Amino acid sequence: MVIISITMAKQKRILIAEDEKPMARALTLKLEHEGYEVETTYDGEEAISKLAESQFDLILCDLVMPKVDGFAVLEEVKNKKIKTPIVILSNLGQEEDQEKAKSLGAKEFFIKSNTPIKNIVEQVKKMLG
């Protein structure tokens with residue numbers, strides 16, 4: 001008798017911290033369509049609390065959000081030594097914002113108004129393998 005074991009690959013989990021609901025919804029739909037498990041938060045405080053509760057494979061984070069901004073989320077991740085890569089999605093395009101985000105550990109920085117969602121999804125796929 002032969003027993004065949006099929007193991008499902010663990011679904012990659014993504015946390016989206018984005019206060020613009022249409023953007024968050026579009027990203028969620030596209031990423032779920034690609035087979036990722038997605039959780040969405042609409043402010044930085046909620047993102048930090050989700051990160052304390054569970055693990056994610058990637059974080060997509062806006063910089064300008066209510067309660068706690070994206071820079072504070074980056075600082076929290078760095079201070080807590082959370083190894084999850086963070087991709088910044090922001091309309092703050094100044095060089096100093098990008099440099100500050102990268103110095104706090106952001107792996108990528110996309111300016112939302114200049115970047116099609118398709119490109120963000122491609123970057124996510126590249127980063128998560």
Side-chain angles (χ1 to χ4, degrees):
M1 178 194 243
V2 176
I3 298 172
I4 300 170
S5 171
I6 300 172
T7 56
M8 296 281 293
K10 186 178 161 282
Q11 199 175 23
K12 300 277 187 183
R13 300 185 71 228
I14 299 171
L15 176 65
I16 297 174
E18 168 64 69
D19 65 321
E20 293 177 32
K21 288 189 166 84
M23 177 68 167
R25 186 77 189 126
L27 280 167
T28 299
L29 289 171
K30 293 278 188 195
L31 292 166
E32 285 177 343
H33 180 75
E34 292 293 333
Y36 299 107
E37 182 183 325
V38 180
E39 280 196 50
T40 307
T41 64
Y42 302 106
D43 65 67
E45 189 176 85
E46 192 182 354
I48 289 169
S49 128
K50 290 255 188 217
L51 288 167
E53 294 166 11
S54 56
Q55 290 188 310
F56 295 90
D57 298 293
L58 185 71
I59 302 164
L60 297 176
C61 186
D62 190 4
L63 289 178
V64 180
M65 294 184 288
K67 297 182 184 175
V68 174
D69 70 14
F71 291 119
V73 173
L74 281 163
E75 285 173 13
E76 184 76 11
V77 166
K78 188 175 184 172
N79 292 341
K80 290 222 163 42
K81 296 181 176 21
I82 297 170
K83 298 291 183 217
T84 308
I86 300 178
V87 174
I88 296 298
L89 308 174
S90 182
N91 281 322
L92 294 180
Q94 291 82 3
E95 185 105 5
E96 54 271 17
D97 292 321
Q98 293 185 36
E99 286 172 14
K100 182 177 179 185
K102 295 241 172 140
S103 76
L104 289 169
K107 299 295 181 219
E108 286 290 336
F109 193 108
F110 291 106
I111 298 170
K112 290 188 280 190
S113 56
N114 300 348
T115 311
I117 287 179
K118 176 183 74 132
N119 295 18
I120 296 167
V121 171
E122 287 305 314
Q123 183 62 39
V124 166
K125 286 163 65 174
K126 207 181 297 176
M127 290 178 80
L128 292 178

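None of these values were measured; they are calculated from a predicted model.
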Walk me through it: do R25 and L29 pass the test side chain to side chain contact (heavy atoms under 4.5 Å, CB included)? CA-CA 6 Å; R25 186 77 189 126; L29 289 171; 3.5 Å; yes
Hey, mind stepping through E20 and N91 against side chain to side chain contact (heavy atoms under 4.5 Å, CB included) and telling me if it holds? CA-CA 11 Å; E20 293 177 32; N91 281 322; 4.0 Å; yes
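Distance CG/L51 to CD/E39: 9.5 Å, rounded to 0.5 Å. The line from CD1 of I48 to CD of E76 is 4.5 Å long, rounded to the nearest 0.5 Å. To the nearest 0.5 Å, atom CD of residue E32 and atom CG of residue L27 are 11.0 Å apart. In this structure, OH on Y36 lies 14.0 Å from NZ on K30, to the nearest 0.5 angstrom. Here CD1 of I86 is found 4.0 Å from CD1 of I59. Values are rounded to the nearest 0.5 Å. With rounding to the nearest 0.5 angstrom, the OG1 atom of T40 is 9.5 Å from the CD atom of E18.
Between L104 and the options L74, N79, V73, a side chain to side chain contact (heavy atoms under 4.5 Å, CB included) holds for only L74.
Counting only residues at least two apart or on different chains, the side chain to side chain donor-acceptor pair (under 3.5 Å) pairs with a member in residues 60-71 are D62-K112.
Looking only at distances, a side-chain donor or acceptor of Q11 sits under 3.5 Å from a matching main-chain atom of G35.
The neighbour count for E96 CD, taken as heavy atoms of other residues, nucleotides or ligands under 6.0 Å away, is above 12. Under a cut-off of 6.0 angstrom, the local environment of NZ in K80 is sparse, with at most 12 non-hydrogen atoms contributed by other residues, nucleotides or ligands. More than 12 heavy atoms of other residues, nucleotides or ligands lie within 6.0 Å of CD in E53, so this atom counts as buried by the packing criterion.
Note: the hydrophobic cluster containing L58 also contains L89 (ILVMFWY, side chain heavy atoms under 4.5 Å, direct or indirect links). Put simply, I82 and I16 are part of two different groups of oily side chains (I, L, V, M, F, W, Y) that touch within less than 4.5 Å, one to the next. Cluster membership check: L60 shares its hydrophobic cluster with M23, using side-chain heavy-atom separations under 4.5 Å among Ile, Leu, Val, Met, Phe, Trp and Tyr. Under the 4.5 Å side-chain heavy-atom criterion for grouping Ile, Leu, Val, Met, Phe, Trp and Tyr, V77 is connected to L15 within one hydrophobic cluster.
For the pair I88 and D97, the minimum side-chain heavy-atom distance is 4.5 Å or more.
Take K78 and apply the salt bridge (Lys or Arg N to Asp or Glu O under 4.0 Å) test, not counting sequence neighbours, and it matches no residue.
Heavy-atom minimum distance, C61 versus G70: SG-CA, 3.9 Å. Nearest heavy-atom pair across Q98 and G93 is NE2-O, 3.2 Å. Minimum interatomic distance between F56 and I14 (heavy atoms only, all atoms of both residues): CD2-C, 3.7 Å. K107 and P85 make their closest contact through CG-CB, 3.8 Å (heavy atoms, listed as atom of the first residue, atom of the second, distance). Nearest heavy atom pair, residue Y42 against residue P66, reads O-CD, 3.6 Å.
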Can you give me every donor-acceptor pair (side chain of residues 114-129, partner residue at least two apart or in another chain, under 3.5 Å) with its distance?
from : atom 1 : to   : atom 2 : distance (Å)
T115 : OG1    : I111 : O      : 2.8
K125 : NZ     : E34  : OE1    : 3.3

